[in-house]
Every structure is written in C-alpha cells, then in structure tokens.
Amino acid sequence: MAKVLTPRSESYAQWYNDLVLKADLAENSAVRGCMVIKPYGFAIWEKMQSVLDKMFKDTGHQNAYFPLFIPKSFFSKEADHVEGFAKECAVVTHYRLKNNPDGSGVVVDPEAQLEEELIIRPTSETIIWNTYKNWIQSYRDLPIKINQWANVVRWEMRTRLFLRTAEFLWQEGHTAHETKAEALEETETMINIYADFAEKWMALPVIQGAKTANERFAGALETYTIEALMQDGKALQSGTSHFLGQNFAKAFDVKYTTNEGKEDFVWATSWGVSTRLMGALIMAHSDDHGLVLPPKLAPIQVVIVPIYKKAEELARISQVVEKISAPLKAKGIEVKFDDKDNKKPGWKFAEYELKGVPVRLAIGPRDLENGTVEVARRDTLEKKVVAIEGVDVYIEELLEDIQTNIYKKAIDFRAENTRKVNSYDEFKKVLDEQGGFILAHWDGTEETELKIKEDTKATIRCIPFDGEDEEGVCMVTGKPSKRRVIFARAY
RNA sequence: CGGGGUGUAGCGCAGUCCGGUUAGCGCACCUGGUUUGGGACCAGGGGGUCGGGGGUUCGAAUCCCUCCACCCCGACCA
C-alpha cells in the first residue's frame with residue numbers, strides 16, 4: 001500500500017498534520033493561523049455539537065447569542081481577566097475603507113477611526129455580564145443558564161490545525177446563581193457532562209480535576225478540567241468549567257434582591273469546549289493507516305464497496321446492497337454506498353481507512369453466489385466474511401464493539417502511561433524517557449510549580465477529584481503533601 | 001516574536017549554487033480503450049502571474065532588496 005502518512009514513530013507531529021489534511025478534515029487558510037474546516041471534518045464537529053447541545057438542554061440550559069465585538073472598556077473591568085487575555089486580542093479600530101488615492105486598491109480610511117475600539121471576543125464573560133446586569137433584579141430572575149455556540153479569536157503565536165488556531169469554534173456556557181453552593185454545583189455538573197461526553201461518545205478517557213491557581217482561567221476562583229492523554233505521551237486539556245465566584249458580578253455590578261429584601265452579588269460560572277476536541281479525537285485513536293473514529297461520532301459509519309467487472313454486475317450488486325443498507329438505515333446507521341466507477345476497490349479501501357470509517361463492507365461476485373459480504377472493522381483492520389442474512393444485527397453489534405474496544409485501548413494506554421514517582425530525579429527521567437501522566441507529591445506552592453515547569457516543561461495538569469489521600473513529601477522541596485497531583489507535558 | 005527550513009500546474013518534487021531555446025517529471029484531471037477481491041494499464045490531451053512587489057541585466061524560476069505564507073524548534077497559550 002502506498003504510504004500517505006508519516007508514521008507516528010518517525011514524527012508524531014508530522015503524522016498529525018498529514019492526517020488532518022489527508023483525511024480531509026481541515027486545511028490552512030489564506031489567513032494566518034486560521035483554518036478551513038472541510039465538510040468531512042465539520043460533519044464530525046456537527047455531531048459533537050448536536051450531542052453536547054442536547055446534554056446542555058437536558059440540564060436546563062438555553063442557547064442565545066452575544067456579539068462578536070466587545071467594547072474595550074468592558075474588558076478592563078475585571079483585573080485578572082484583562083491580564084490573562086490582553087496579550088492575544090485582535091482589536092477593531094476603524095469602520096471604513098476607501099480607495100487608495102494612488103489607485104493601488106483600498107486603504108483604511110483614517111477619518112473612520114472608532115471612538116472606542118472593539119475587541120474581537122477571546123471569550124464572552126464581559127459582554128455577557130454587562131448584559132446580565134440588566135436581566136437580573138431579584139432572586140426570582142435566577143438562575144440564568146445560557147450557552148452560546150460561537151467563534152472566538154485568540155491571537156496565537158504558533159498554531160496547529162484544531163489544537164490551537166487563532167480563530168476557533170466553541171461553546172461557552174455562562175450561568176448566574178443565587179448562592180455559592182449552587183454555582184459550585186453547576187461548575188461540577190458541567191465538568192461531569194464534558195467527561196461523560198468524552199468517554200461515552202469520543203471514547204476518550206479523561207481525568208477530572210481542579211487546576212492549580214497558576215493554571216486557572218483568568219478571573220476564576222476555581223477551574224475544573226478534563227485532561228486526556230495523547231499517544232505521544234502528552235496531555236491535552238479538553239474542556240474546562242470555571243467557578244467565577246462573584247468576581248464578574250462585582251466588576252459589572254450585578255446585584256439581586258434576596259427573598260429577605262437584601263441586596264447581594266450573584267454567583268457565576270462559565271464553561272467551554274472547542275474544536276480542540278477534534279484534535280483530541282484524532283490523536284486518541286488513529287494509527288499509521290489514518291483516522292480511527294468512534295462509531296458514535298463517525299459521519300459515515302458503514303461504507304459499502306462493490307467489486308465488479310461489468311455494469312450488469314454492478315446492477316446485481318446494487319440490488320443486494322439495497323437489501324443490506326435499508327435495515328441499517330432503519331436502525332439510524334449512516335451508510336454510504338460508494339459505486340463510483342473511476343476508482344478501484346483497493347483505492348477505496350485505503351481511502352476509507354484514511355477517513356476512519358468504522359465498518360467497511362465489500363461485495364463482489366463471490367458474495368453474490370454465496371449470499372455473503374466481507375466485513376472489515378477499522379479499529380483492528382480485521383476482515384470477516386459473514387452471511388448477508390442478519391448482517392444488520394451483526395453490524396449494529398460490531399459498531400458497539402468498536403466503540404467499546406477503542407475506549408478500552410485508550411484507557412489501557414493511559415494506564416500503561418500513568419506512573420507514580422517519588423523523587424525529582426525519577427520524575428525527570430520518566431518525563432524524558434516515557435512521558436505520560438506522572439503522579440507526584442507537590443507542596444502546593446506556586447513557586448515549586450513554576451520551578452518544575454521551568455526545569456522540565458511539565459505542568460500540573462490537575463489535582464484529580466478521585467485522588468486518594470496519601471501522606472507524602474513534595475518531590476522538590478520535601479515539604480509535606482497530602483495527595484498526589486498529575487503532571488505532564490501538555491499541548 | 002527569535003533560530004532553522006520551504007515556497008515552481010490540484011498534490012509531491014527536479015531545475016536555482018554557476019542567469020541564456022518553448023520550465024520539466026510523477027500522481028491527480030479530461031478523452032478513448034482494456035481493467036476491477038488491497039491505492040490498475042495503454043494511448044492521446046488540458047492545465048504555470050516559478051509565493052507577491054521592487055531592483056540588477058540585452059536576458060531572471062535562477063542574482064540583490066523587501067514583503068507574505070507554511071513547516072520544525074523555542075518563548076506564550078485552550
């Protein structure tokens with residue numbers, strides 16, 4: 001078979017780039033740092049969106065839409081928030097172009113300078129809290145639980161398709177609550193939803209935990225995260241949920257009247273996942289042959305490739321294909337019959353492997369005679385000839401089996417690449433030689449965390465929720481520690 | 001934003017050092033035919049602002065200046 005992807009062993013980064021392009025997921029655009037998401041890639045994102053959207057609505061959230069532009073003055077209201085985002089904001093300063101007097105195209109009209117510059121949202125807390133101020137008067141107006149699907153812009157130095165682009169698509173939830181407890185509960189609910197989505201739909205095992213103060217969202221009191229481990233041993237932060245306390249309420253003066261007639265600031269959360277999930281999905285399961293998609297998110301779940309010599313033969317095969325695909329479609333399975341005659345079967349096999357289609361059926365004259373079909377599964381590349389009779393049930397179960405199997409593979413990989421270390425030397429050695437998640441004791445100070453980051457480029461991914469209490473000493477300073485935290489090099 | 005690399009047909013590349021017919025090759029594409037159980041073959045055909053702009057020269061893909069984009073490695077970040 002022709003080699004179309006750089007093997008992972010040769011260059012993991014190059015393999016990833018090749019895969020995104022060759023599987024037709026996305027490509028670089030004419031605009032620096034911004035990508036074009038192609039139809040096949042966007043179809044996966046749309047599936048993710050529709051599942052998440054339902055999960056949000058099932059937990060009492062509603063969708064809305066807020067502007068792309070944020071007045072500069074809004075931005076400066078929450079000190080930590082500005083500091084966190086200031087360095088990567090795109091700013092609109094003018095509202096008009098004019099023909100260049102020298103005839104060489106158009107130039108910005110200097111007369112058309114905005115009185116107040118507009119920031120292109122890197123996130124929407126400020127515009128949303130400025131709006132919520134007008135929506136909230138009493139406890140009866142609470143809670144407000146809103147989500148928006150949007151694009152945001154963060155002017156990144158170095159970009160990579162899906163993993164980090166200057167513009168990306170995401171959803172951002174913004175909620176307002178009466179009490180601290182309720183806001184904290186919301187923060188937890190949402191990180192649980194993300195974890196659930198990652199594991200059940202993406203087949204991606206994740207670790208839930210809290211970020212250290214240093215790694216927290218700008219303006220949050222607490223950031224919860226789901227962290228996934230990629231095949232190269234690096235961690236990928238895949239979703240975050242923030243407890244914002246009363247910081248934004250105070251910054252935007254959002255008060256409500258309690259049922260005792262007193263005034264208080266409302267409590268806030270925000271949470272989001274982005275097209276970065278696409279990167280996670282790609283890197284989690286794929287191999288040197290191409291993409292491996294979890295059946296639940298695959299735009300095409302079953303592809304059927306006919307093998308024939310003459311048009312007459314194709315016609316006979318097509319009739320059988322119709323009998324096979326009708327019951328599959330009735331079960332809600334996405335089936336594609338590729339009867340294009342300008343590509344040979346072998347070409348198609350390779351192509352659909354590259355695109356990660358979970359199940360491939362091949363039907364030729366031999367099968368017509370025997371009443372069989374060849375079934376190939378993408379995750380293991382195994383092929384099996386089965387009877388057409390009852391093949392719909394077989395395939396339905398196979399899809400479930402593939403979903404389970406790739407999840408299991410990912411979780412086994414993570415287990416093999418999660419290690420406890422007790423000394424800083426051991427930590428550095430494991431990090432350099434094996435990577436993965438490292439469980440180690442840390443004294444809880446920002447100083448130590450930064451020293452480790454500077455020495456090794458590893459960061460604390462999270463303080464896991466399900467970590468066991470264990471007395472120990474910080475691997476760097478020897479100070480006491482009550483539990484281990486998770487370190488890794490990260491994307 | 002620093003260091004390194006690349007930019008020539010849709011894709012992958014040769015040609016650039018050392019300037020000189022009409023810029024070439026493979027894949028893809030179009031037409032015809034033979035093929036079809038793991039990326040088919042033959043014949044014919046179309047497709048190029050040589051990344052953009054400026055300069056040197058009788059003459060520039062090739063030399064000089066400048067800008068842009070992408071990739072890799074750093075710093076920054078989801």
Side-chain angles (χ1 to χ4, degrees), chain A residues 1-6 11-14 16-18 21-22 24 27-35 84-89 104-105 122-123 152-172 194 211 214-218 223 225-228 235-242 270-280 289-290 305-311 313-314 317 339-354 360-370 372-374 376 381 383 385 453-454 457 459 461 490-491:
Chain A
M1 194 196 322
K3 191 186 76 177
V4 288
L5 299 178
T6 303
S11 167
Y12 191 82
Q14 195 54 48
Y16 177 82
N17 290 333
D18 288 355
L21 297 174
K22 299 277 173 55
D24 232 12
E27 63 187 33
N28 285 301
S29 71
V31 184
R32 181 194 195 103
C34 296
M35 65 180 161
F85 287 105
K87 284 169 291 184
E88 49 188 35
C89 285
S104 64
T123 179
V152 286
V153 169
R154 296 181 188 174
W155 213 261
E156 298 290 349
M157 292 298 169
R158 212 176 138 192
T159 58
R160 294 192 66 189
L161 292 169
F162 291 120
L163 296 173
R164 177 167 299 107
T165 46
E167 180 193 17
F168 57 92
L169 305 182
W170 78 345
Q171 58 68 217
E172 47 180 326
Y194 289 154
K211 287 289 186 186
N214 187 48
E215 296 275 330
R216 239 172 242 157
F217 175 75
T223 288
T225 179
I226 51 169
E227 296 284 326
L236 185 73
Q237 178 178 310
S238 306
T240 47
S241 181
H242 315 290
S270 69
W271 28 272
V273 293
S274 71
T275 36
R276 180 177 244 205
L277 286 180
M278 292 286 295
H289 298 278
V305 177
I307 294 154
Y308 62 95
K309 289 189 169 66
K310 299 182 189 105
E313 204 163 47
L314 174 61
I317 290 170
D339 60 352
K340 279 201 298 267
D341 65 352
N342 60 337
K343 298 282 189 248
K344 290 188 60 177
W347 192 93
K348 293 176 184 174
F349 293 172
E351 179 67 11
Y352 291 109
E353 274 165 18
L354 198 50
R360 181 190 71 227
L361 306 183
I363 304 190
R366 270 199 324 251
D367 298 299
L368 289 187
E369 243 173 71
N370 304 333
T372 57
V373 58
E374 183 193 81
L381 297 169
K383 292 190 284 197
V385 175
K453 186 176 176 183
E454 205 167 302
K457 306 205 192 312
T459 49
R461 300 319 303 160
Y491 273 96

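For the numbers below, each heavy atom of this structure counts, side chains included, while hydrogens, waters and symmetry mates do not.
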Any strand counts, and the cut-off is 3.5 Å on both contacts for Watson-Crick or G-U wobble. Which nucleotide pairs with B:G48?
none
note: A:Glu374, atom CD; B:G38, atom C1'; distance rounded to Å ~ 9 Å
Taking atom P in both B:G37 and B:G48, compute the distance separating them and give it to the nearest angstrom.
35 Å
When both distances are under 3.5 Å in a Watson-Crick or G-U wobble arrangement, the nucleotide paired with B:G7 is B:C68
What distance do A:Asp341 atom CG and A:Leu314 atom CG have between them, rounded to the nearest 0.5 Å?
8.0 Å
When rounded to the nearest Å, what value does the distance between P atoms of B:A43 and B:G38 take?
25 Å
Would you call A:Pro122 and A:Val152 a side-chain contact if the rule is heavy atoms closer than 4.5 Å?
no
Sequence-distant partners of A:Glu167, salt bridge (charged side-chain N to carboxylate O under 4.0 Å, His left out), two or more places apart:
none
B:U8 and B:C13: how far apart are their P atoms, nearest whole angstrom?
9 Å
pair_partner(B:G74), Watson-Crick or wobble, both distances < 3.5 Å, evaluates to B:C1
What distance, rounded to whole Å, do you find between the two P atoms, one in B:G19 and one in B:G59?
15 Å
With the sugar-phosphate defined as primed atoms, P, OP1 and OP2, and the base as all remaining atoms, what B/S/- string results for nucleotides 71-78 of chain B, 5' to 3', for protein heavy atoms under 4.0 Å?
SSBBB-BB
Nucleotide by nucleotide, nucleotides 27-36 of chain B touches protein heavy atoms under 4.0 Å in the pattern (B base, S sugar-phosphate only, - none) -SS------B
Watson-Crick or G-U counterpart of B:U57, or none if no pair lies under 3.5 Å:
none
Separation of the P atoms in B:A61 and B:U56, to the nearest angstrom:
16 Å
Is there a Watson-Crick or G-U wobble partner for B:C41 with both distances under 3.5 Å, and if so, which one is it?
B:G33
Which atom pairs, donor and acceptor, lie under 3.5 Å between side-chain atoms of residues 270-280 of chain A and protein residues at least two apart or in another chain?
unit_1	atom_1	unit_2	atom_2	d
A:Ser270	OG	A:Glu125	OE2	2.7
A:Trp271	NE1	A:Glu186	OE2	3.4
A:Trp271	NE1	A:Thr269	OG1	3.3
A:Ser274	OG	A:Arg276	N	3.0
A:Thr275	OG1	A:Leu169	N	3.4
A:Thr275	OG1	A:Leu169	O	3.3
A:Arg276	NE	A:Leu163	O	3.1
A:Arg276	NH1	A:Gln237	O	3.2

Roughly, in whole Å, what's the span from CG in A:Asp18 to P in B:G12?
10 Å
Taking side chain to side chain contact (heavy atoms under 4.5 Å, CB included) as the definition, give me every residue that meets it alongside A:Lys343, ordered by chain and number, with sequence neighbours left out.
A:Trp347, A:Lys348
Let's go through A:Lys22 and A:Glu351 carefully: what are the C-alpha distance in whole Å and the side-chain angles of both, what is the deciding distance for side chain to side chain contact (heavy atoms under 4.5 Å, CB included) to 0.1 Å, and is it a yes or a no?
CA-CA 9 Å; A:Lys22 299 277 173 55; A:Glu351 179 67 11; over 6 Å; no
Could you tell me the Watson-Crick or G-U partner of B:C18, where both distances fall under 3.5 Å? Say none if there is no partner.
none
For B:G47 and B:A60, measure between their C1' atoms and round to the nearest Å.
24 Å
Walk me through it: do A:Tyr491 and A:Phe162 pass the test ring-ring contact (aromatic ring centres under 6.0 Å, His included)?
CA-CA 11 Å; A:Tyr491 273 96; A:Phe162 291 120; over 10 Å; no
All salt bridge (charged side-chain N to carboxylate O under 4.0 Å, His left out) counterparts of A:Asp24, not counting sequence neighbours:
A:Lys38, A:Lys355
Residues in ring-ring contact (aromatic ring centres under 6.0 Å, His included) contact with A:Phe168, at least two apart in sequence or another chain:
A:Trp170
Identify, with sequence neighbours excluded, every residue that meets salt bridge (charged side-chain N to carboxylate O under 4.0 Å, His left out) alongside A:Arg216.
A:Glu222
Mind listing the N/O atom pairs, protein and nucleotides 8-11 of chain B, below 3.5 Å?
none

Just call it for A:Gly33: base, sugar-phosphate, or nothing, with non-hydrogen atoms closer than 4.0 Å on any strand.
sugar-phosphate
Residues two or more places apart in sequence or in another chain: which of them pass side chain to side chain contact (heavy atoms under 4.5 Å, CB included) with A:Ala490?
A:Ala235, A:Thr459, A:Arg461
Considering residues at least two apart in sequence or located in another chain, which fulfil the side chain to side chain contact (heavy atoms under 4.5 Å, CB included) criterion with A:Pro345?
A:Val305, A:Ile307, A:Phe349
P atom, B:C1 versus B:C17: distance in rounded Å?
31 Å
Name all residues meeting the side chain to side chain contact (heavy atoms under 4.5 Å, CB included) criterion together with A:Asn214; count only those two or more places apart in sequence or in a different chain, and write none if there are none.
A:Thr212, A:Glu446, A:Glu449, A:Leu450
Specify the separation, in whole Å, of atom CE of A:Met35 and atom P of B:A69.
18 Å
Determine which nucleotide pairs with B:C25, using a 3.5 Å limit on both distances of a Watson-Crick or G-U wobble pair.
B:G12
Whole-Å distance separating the CD atom of A:Glu27 from the P atom of B:G12:
11 Å
Using atom P of each nucleotide, how far apart are B:A14 and B:G51 to the nearest Å?
13 Å
